There are 4 protein chains.
Amino acid sequence: MERDVLEDLAAASRILVDQGVFDAAGHVSMRHPDDSNRFLMSRSLAPALVSADDIMEFSLDCEPLDSLRSLGASPSMAPAAGDRKPFIERFLHGGIYKKRADVMAIAHGHSAAVIPFGLVATPMRATYHNAAFLAAGVPVFDIRERFGATDIVINSAEKGAALAAALGDKAVLLLRAHGFLAVAPTLQSAVFRAIFTEVSARVQLQAAALGGPIAALDEEEGRKADAVNLATVGRSWELWKSRVI
Amino acid sequence: MERDVLEDLAAASRILVDQGVFDAAGHVSMRHPDDSNRFLMSRSLAPALVSADDIMEFSLDCEPLDSLRSLGASPSMAPAAGDRKPFIERFLHGGIYKKRADVMAIAHGHSAAVIPFGLVATPMRATYHNAAFLAAGVPVFDIRERFGATDIVINSAEKGAALAAALGDKAVLLLRAHGFLAVAPTLQSAVFRAIFTEVSARVQLQAAALGGPIAALDEEEGRKADAVNLATVGRSWELWKSRVI
Amino acid sequence: MERDVLEDLAAASRILVDQGVFDAAGHVSMRHPDDSNRFLMSRSLAPALVSADDIMEFSLDCEPLDSLRSLGASPSMAPAAGDRKPFIERFLHGGIYKKRADVMAIAHGHSAAVIPFGLVATPMRATYHNAAFLAAGVPVFDIRERFGATDIVINSAEKGAALAAALGDKAVLLLRAHGFLAVAPTLQSAVFRAIFTEVSARVQLQAAALGGPIAALDEEEGRKADAVNLATVGRSWELWKSRVI
Amino acid sequence: MERDVLEDLAAASRILVDQGVFDAAGHVSMRHPDDSNRFLMSRSLAPALVSADDIMEFSLDCEPLDSLRSLGASPSMAPAAGDRKPFIERFLHGGIYKKRADVMAIAHGHSAAVIPFGLVATPMRATYHNAAFLAAGVPVFDIRERFGATDIVINSAEKGAALAAALGDKAVLLLRAHGFLAVAPTLQSAVFRAIFTEVSARVQLQAAALGGPIAALDEEEGRKADAVNLATVGRSWELWKSRVI
């Protein structure tokens with residue numbers, strides 16, 4: 001695996017801070033490019049501070065591995081897994097990679113504009129072409145339904161699996177009283193989707209305040225516009241990345 | 001054509017980012033000052049990154065031309081058109097230049113505060129003198145009405161013409177589930193109008209939340225205040241430009 | 001007159017930009033400290049760019065004077081009045097200085113959060129102690145009522161006088177479809193009032209969205225809290241000033 | 001007492017500015033680590049400007065002490081109490097430290113998003129896990145009820161005691177037409193709670209605009225999630241602190 005992959009994953013974390021999607025928390029992961037049974041994710045760290053050296057490797061059961069070291073990385077780049085503390089919420093990521101073979105990257109955050117849609121009955125809509133991936137529908141995962149009163153954290157494989165089931169085949173999942181996650185076929189598009197989930201939420205909040213029905217993208221428009229977004233995400237990515245390196 | 005013209009057009013792109021109207025996307029164009037059958041517009045690029053060297057020249061049919069080079073520009077400044085990738089949405093610009101001889105510049109963006117007005121029945125109003133150009137009315141273009149379910153992109157001369165027809169003789173057009181465009185008799189005033197479309201949208205969203213009728217500018221007030229704006233835009237332009245050079 | 005006075009007036013202009021009250025427009029003036037029949041105000045310039053050298057002197061009839069030069073200022077500091085273009089809207093200031101002997105400074109801007117209150121029937125309230133000066137009531141001046149359809153600009157002594165009459169003995173006046181002005185017994189407190197008019201407007205917009213009556217300051221609370229604000233404004237002023245010099 | 005303690009308290013003040021909770025006003029205090037009958041708090045100063053040298057020591061009756069000097073601090077670090085002007089509102093802090101032995105730190109500010117909840121009947125809710133400390137309930141202190149029309153300032157031991165009584169055993173108290181305060185068992189968690197009171201207020205304002213009931217954290221979820229927050233606050237604190245030193 002190239003060092004570039006680790007640097008892009010770390011940049012994704014900092015981009016999501018810079019674009020206002022992550023605050024002092026939030027994490028982004030990607031499936032290992034050479035082994036679909038592993039994924040990469042930062043150690044437990046504020047997302048603004050993540051660098052390539054903080055990336056850890058996990059099995060889909062969320063066990064830390066130390067193969068980054070064995071691949072020839074410098075010790076500072078990849079200390080043995082045991083030296084570093086992983087995010088508890090890695091189970092959120094592992095659960096989805098297990099169930100969704102098409103998902104190559106996942107971003108999870110707590111944007112103030114998105115959380116409201118996990119608290120009320122109003123469904124999220126795809127308010128414009130950049131949010132096309134929302135047009136297929138945005139389910140809400142309420143951890144209470146299966147697990148009762150919890151601390152909200154997705155801290156077990158069982159919770160990760162329940163959350164993956166709630167996501168189904170969609171691109172975005174709202175977590176009640178918690179936040180949201182976005183999945184995508186590439187790291188760049190997972191970042192894109194996290195950003196425009198937040199922007200579209202702001203647009204919808206404002207449209208709702210005006211009142212009346214919202215002429216959002218329908219499913220067919222959403223599919224077509226999403227294809228354009230996936231094909232052109234590189235232009236946005238380069239700009240976003242240039243701001244955090 | 002002076003190099004200054006290209007630099008002003010590039011500055012307009014960066015100004016609209018700096019003022020919060022453009023994000024990672026958005027584009028601004030101007031009619032060629034010496035040939036009303038041509039227009040100038042950046043190659044496909046994030047608007048924050050546009051410099052004079054990125055400006056391309058197009059026929060009103062949106063064919064790339066390479067006359068910038070023939071005018072004596074340096075090769076780095078104006079590589080042959082074929083070397084650079086134009087925006088697909090140049091058809092949005094070309095369609096309007098064809099139909100509206102009075103239009104000398106066009107800005108198109110996806111501001112979060114403006115999109116709601118393309119999704120609901122509430123018409124945009126001119127909430128204050130800086131938004132006077134809205135008082136004549138702000139139509140909405142719904143691409144579905146003529147083209148069915150699309151990817152939303154204005155990617156053909158036919159769509160550009162339909163959009164220009166929807167604009168009519170107005171200064172601003174809302175594109176449903178997409179964004180907006182502002183046209184003006186000068187580059188500076190197109191930038192001014194794009195900026196104050198966004199600000200006025202925010203004002204109206206807040207006024208709507210208070211409830212009741214809105215005592216916006218009427219058409220006559222709008223015409224009179226717009227004349228003042230057009231005459232004094234230079235003061236704002238100089239400030240905005242000073243922030244991006 | 002001390003140079004410090006001119007520098008404070010220029011700083012006031014830049015402070016109001018830095019604090020988000022002014023954008024590319026807006027102006028602040030003060031009564032001449034040694035001659036109550038004169039006032040000081042920048043030449044026509046974006047408020048972010050104002051320095052002490054841009055300050056002009058006017059009679060209460062808004063005629064430019066050139067006494068700054070005669071007071072020994074350097075030519076660069078105070079060129080003859082005829083060399084510089086004054087703001088057209090100086091009549092807004094002059095009209096008030098004529099009518100209100102207690103007013104020593106005036107700020108006028110177009111903040112997006114404040115304009116809505118000039119467009120709808122909801123009165124502005126004093127949402128917290130820093131906005132205490134609003135508790136006495138905030139009138140709205142609708143230029144249409146006396147002058148019909150205009151370009152909205154306060155461009156004559158007659159309009160300035162009508163506006164001063166609408167202000168009455170209050171601290172803040174809303175101008176329909178235009179903006180607001182704040183007056184105060186010192187320059188520092190005029191800046192304070194302009195800033196907290198904007199903040200309180202945001203607070204009230206959000207409280208209104210929650211619905212129900214608003215337990216704002218009553219008139220007596222307002223008077224008492226305002227006395228505290230006037231006595232302690234220096235602490236805020238020093239901070240604000242430190243950010244713009 | 002270590003110098004580190006003073007520096008952390010000063011950093012807390014600057015963090016709350018940097019995170020948008022404090023503006024030109026606001027103050028944070030902590031109980032003396034070695035003497036539960038004393039507390040530490042900046043002299044009267046804009047919170048962005050507070051450094052370790054500005055910290056004063058007070059008895060729980062809010063009398064300034066000068067023991068910082070006697071502890072061997074340099075004169076510049078701890079001038080005699082009489083040389084420095086304390087905040088009038090130290091009574092807000094002292095009243096709580098007297099009544100709540102579990103409280104080790106207090107932050108008090110006037111965030112625009114929080115004030116609305118002190119003005120209307122809508123109770124604040126814990127919109128997500130980071131705001132878990134709100135789930136136990138957020139009382140409102142209306143100074144009018146006991147003290148009539150005042151200048152709103154908590155400027156006496158009697159007012160401080162009344163406010164502490166209104167707080168009860170909760171983590172956050174809203175002050176009508178004034179602001180809010182957050183208390184916690186550590187300095188770091190008081191800062192955390194002040195920040196997420198503000199964020200949760202914004203979330204709730206937006207959720208309210210969507211309409212309908214809000215599926216906020218219930219009390220048991222709140223207790224459990226708060227325990228996680230208290231245990232992991234260090235990760236956020238390190239990030240916030242890194243931005244202000």
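Chain naming here is simple, since letters A, B, ... match the order of the sequence lines and numbering starts at 1 in each. Source: prediction; values computed, not measured. Atom set for the values below is all heavy atoms of this structure, side chains included, hydrogens, waters and symmetry mates excluded.
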**Study point:** Under 4.5 Å from a heavy atom of chain B, the part of A:V203 involved
**Key:** both
Check your understanding: Hey, are the side chains of A:E221 and B:D151 touching, using non-hydrogen atoms and a 4.5 Å cut-off?
Key -> no
Revision key, fill the gap. Between B:L119 and A:A207 the two heavy atoms that sit nearest each other are CD1-CB, 4.5 Å
Point to revise | Donor-acceptor contact present, side-chain A:K224 to main-chain B:A149, <3.5 Å | key: yes
Check your understanding: How close do A:L210 and B:P116 get, heavy atom to heavy atom, and via which atoms?
Key -> CD1-CB, 4.1 Å
Exercise for review: Anything under 30° is parallel, anything over 60° is perpendicular, the rest tilted; go ahead and classify A:H129 against B:H110.
Suggested key: perpendicular
**Study point:** Region of B:L45 that comes under 4.5 Å of a non-hydrogen atom in chain A
**Key:** backbone
Check your understanding: Would you call B:R144 and A:E220 a salt bridge, using N to O less than 4.0 angstrom?
Key -> no
Exercise for review: Examine whether an atom of B:A46 lies under 4.5 Å from a heavy atom of chain A, and if so say whether it belongs to the side chain, the backbone or both; otherwise answer neither.
Suggested key: both
Study note, to complete from the structure: For residues 235-245 of chain A against chain B, heavy atoms under 4.5 Å, the residues are A:R235, A:S236, A:L239, A:W240
Review point. Relative to chain A, which of B:A112, B:S111, B:A121 shows the most heavy atom pairs under 4.5 Å?
Key: B:A112
Revision key, fill the gap. Rounding to 0.5 Å, atoms CD1 (A:I214) and CD1 (B:I115) come to a distance of 12.0 Å
Review point. So what's closer than 4.5 Å to chain B heavy atoms on A:F192: side chain, backbone, both or neither?
Key: neither
Check your understanding: To the nearest 0.5 Å, how far apart are NE2 in B:H178 and OG1 in A:T127?
Key -> 12.0 Å
Study note, to complete from the structure: Honestly, the part of B:V153 sitting under 4.5 Å from a heavy atom of chain A is side chain
